[in-house]
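Let me begin by presenting the structure, written as structure tokens, before commenting on it.
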Number of protein chains: 2
Amino acid sequence: MVSKRTLTNLEYALLGLVNQAPQTGYQLCKIFETSPIGHYSSSPGSIYPALNRLEKRGLLHARVERQSTMRPRRVFSVSQDGRHSLREWVTAPVDKNVLFRDEDGVMLRFAFMDAFLQPAETVAFLQQLSDTTSDLIADLNRHHQEISRASEAHTATGTLALEYGISSYRNLARWAKRTASKVANKN
Amino acid sequence: MVSKRTLTNLEYALLGLVNQAPQTGYQLCKIFETSPIGHYSSSPGSIYPALNRLEKRGLLHARVERQSTMRPRRVFSVSQDGRHSLREWVTAPVDKNVLFRDEDGVMLRFAFMDAFLQPAETVAFLQQLSDTTSDLIADLNRHHQEISRASEAHTATGTLALEYGISSYRNLARWAKRTASKVANKN
DNA sequence: AAAGGCATGTAAGGTGTTACATGATTGT
DNA sequence: ACAATCATGTAACACCTTACATGCCTTT
């Protein structure tokens with residue numbers, strides 16, 4: 001049994017990008033700089049160490065070019081184990097607590113999903129996401145009622161911020177349903 | 001000139017909560033456990049060290065009860081410096097990059113805002129938030145067009161995830177405007 | 001007198017951030 | 001020859017997470 005340690009979102013993002021096409025660390029840095037993938041700063045200082053970790057764990061394989069020089073160039077590609085890890089990550093159930101604590105991570109999974117899943121499976125994921133989100137909304141509504149009933153030292157803007165949170169998840173649920181139809185109708 | 005080091009969101013959250021009412025570390029732990037404030041796990045292992053840091057920097061003051069025993073109890077309240085820090089944090093302009101990288105932090109600022117600002121100032125903040133969000137949406141739309149035009153190795157779900165991001169900021173802009181009216185109409 | 005909630009803390013480990021350092025290649 | 005860009009890496013630092021340890025107080 002391989003070590004079950006889970007990866008960070010950054011590591012999964014790298015794995016997912018390399019899975020789309022083999023890349024060097026520098027190219028991956030550029031992608032993070034120029035595209036809104038995740039909300040990381042993601043400078044070389046985090047990316048190269050992450051790539052090295054992934055290589056050490058055997059999820060990524062590096063083909064070394066310019067080998068003789070002191071500044072070799074490494075082109076990464078995803079190994080079997082890496083693809084397996086990615087698939088497990090992408091297909092994991094959408095847990096309510098995970099959704100609450102790490103919505104970015106859930107969307108990251110979705111973004112890399114179509115390298116692994118059939119449209120029908122993607123639709124199922126979106127349906128599950130929509131359901132879990134509804135559960136979360138119910139929780140937040142309960143909390144909203146509680147702080148309204150007991151007029152605590154809870155501030156006005158505090159309540160309004162909570163309402164934003166709720167509207168935010170409503171938007172997620174709407175998007176998930178809309179997108180599920182889109183994907184389904186493309187066959 | 002006092003050290004300008006900025007605090008973490010957790011530290012600001014603690015400062016803001018203690019500003020609403022003096023609290024012990026344990027009570028603050030309970031608040032994080034039972035309410036959807038921020039998306040932290042926020043167990044004792046992060047809260048107590050954070051409180052100690054804030055005390056060391058003179059932003060929080062602890063009144064010690066049960067002093068003679070080996071397990072004293074500390075009730076925290078916010079110092080002048082602490083209130084000043086909070087006010088500066090809350091009233092800082094809404095920067096586009098900050099909004100993109102740390103939306104939670106911006107909403108946290110809003111949640112603690114009414115301890116410091118008049119309704120009119122809160123409305124101004126929301127207006128600024130709405131404008132900055134529109135800028136961000138424009139950026140994301142540009143990026144969306146780019147990846148549509150150049151049909152790269154960009155995946156279908158990747159594009160859909162980007163669309164979620166855009167819808168998400170649209171929802172934020174809507175909320176900001178709606179909430180601005182609400183606050184304005186309450187005088 | 002035992003249980004459970006109140007209350008505070010430490011230690012190990014991993015990760016992200018910033019800033020810095022360095023070498024290779026390409027274009028002008 | 002020089003600058004810009006390609007390309008990789010390290011070091012210091014701070015923070016969060018998890019797990020663990022400990023003691024006080026109230027209720028039964």
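This one's a predicted model, so the numbers in the text were calculated from it and none came from an experiment.
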Fill in the blank from the handout: When rounded to whole Å, the CZ to P distance for the pair B:R73 and C:dC6 reads 11 Å
Exercise for the section: State whether A:R53 places a side-chain N or O below 4.0 Å from either non-bridging phosphate oxygen (OP1 or OP2) of C:dG16. Expected result: yes
Handout entry: Distance, rounded to the nearest Å, where B:N52 contributes CG and C:dG9 contributes C1'
Key = 9 Å
Fill in the blank from the handout: A:Y12 OH to C:dG16 P, in whole Å, measures 13 Å
Exercise for the section: May I have all residue pairs that pass ring pair (Phe, Tyr, Trp, His ring centres under 6.0 Å) and include part of residues 79-107 of chain B, sequence neighbours excluded? Expected result: A:H39-B:F100, B:Y12-B:W89
Practice task
Could you state the atom-to-atom distance from CG of A:N9 to P of C:dT17 in whole Å?
Solution key: 12 Å
Handout entry: ring pair (Phe, Tyr, Trp, His ring centres under 6.0 Å) against A:Y164, all qualifying residues, sequence neighbours excluded
Key = B:W175
Practice task
Tell me, please, which residues at least two apart from A:F32 pass ring pair (Phe, Tyr, Trp, His ring centres under 6.0 Å).
Solution key: none
Are there any protein N/O atoms within less than 3.5 Å of an N/O atom in nucleotides 17-27 of chain D, and if so, which ones and at what distance?
from	atom 1	to	atom 2	distance (Å)
D:dT22	O2	B:R71	NH1	2.6

Handout entry: Side chain of B:Y48 - closest among D:dT10, D:dT8, C:dG9
Key = C:dG9
Practice task
State, without any angle test, whether B:T132 and B:D95 hold a side-chain donor-acceptor pair at a distance under 3.5 Å.
Solution key: no
Practice task
Scan side-chain atoms only and decide if B:D104 and B:N9 contain a donor-acceptor pair under the 3.5 Å cut-off.
Solution key: no
Fill in the blank from the handout: Between CG of B:D104 and P of D:dC16 the distance, given in whole Å, is 14 Å
Practice task
List in chain and number order the residues that pass side-chain hydrogen bond (donor to acceptor under 3.5 Å, both in side chains) with A:S130, two or more places apart in sequence or in another chain; answer none if no residue qualifies.
Solution key: none
Exercise for the section: Rounded off to whole Å, could you give me the CD1-to-C1' distance for the A:I47 and C:dT17 pair? Expected result: 13 Å
Fill in the blank from the handout: side-chain hydrogen bond (donor to acceptor under 3.5 Å, both in side chains) filter on B:N19, not counting sequence neighbours, yields none
Fill in the blank from the handout: Side-chain atoms of A:E11 come closest, of C:dT15, D:dC16, D:dA7, to C:dT15
Exercise for the section: Would you mind reading off the distance between A:E33 atom CD and D:dC6 atom P, rounded to a whole angstrom? Expected result: 10 Å
Exercise for the section: In whole angstrom, give the distance that lies between atom CZ of A:F32 and atom C1' of D:dT8. Expected result: 17 Å
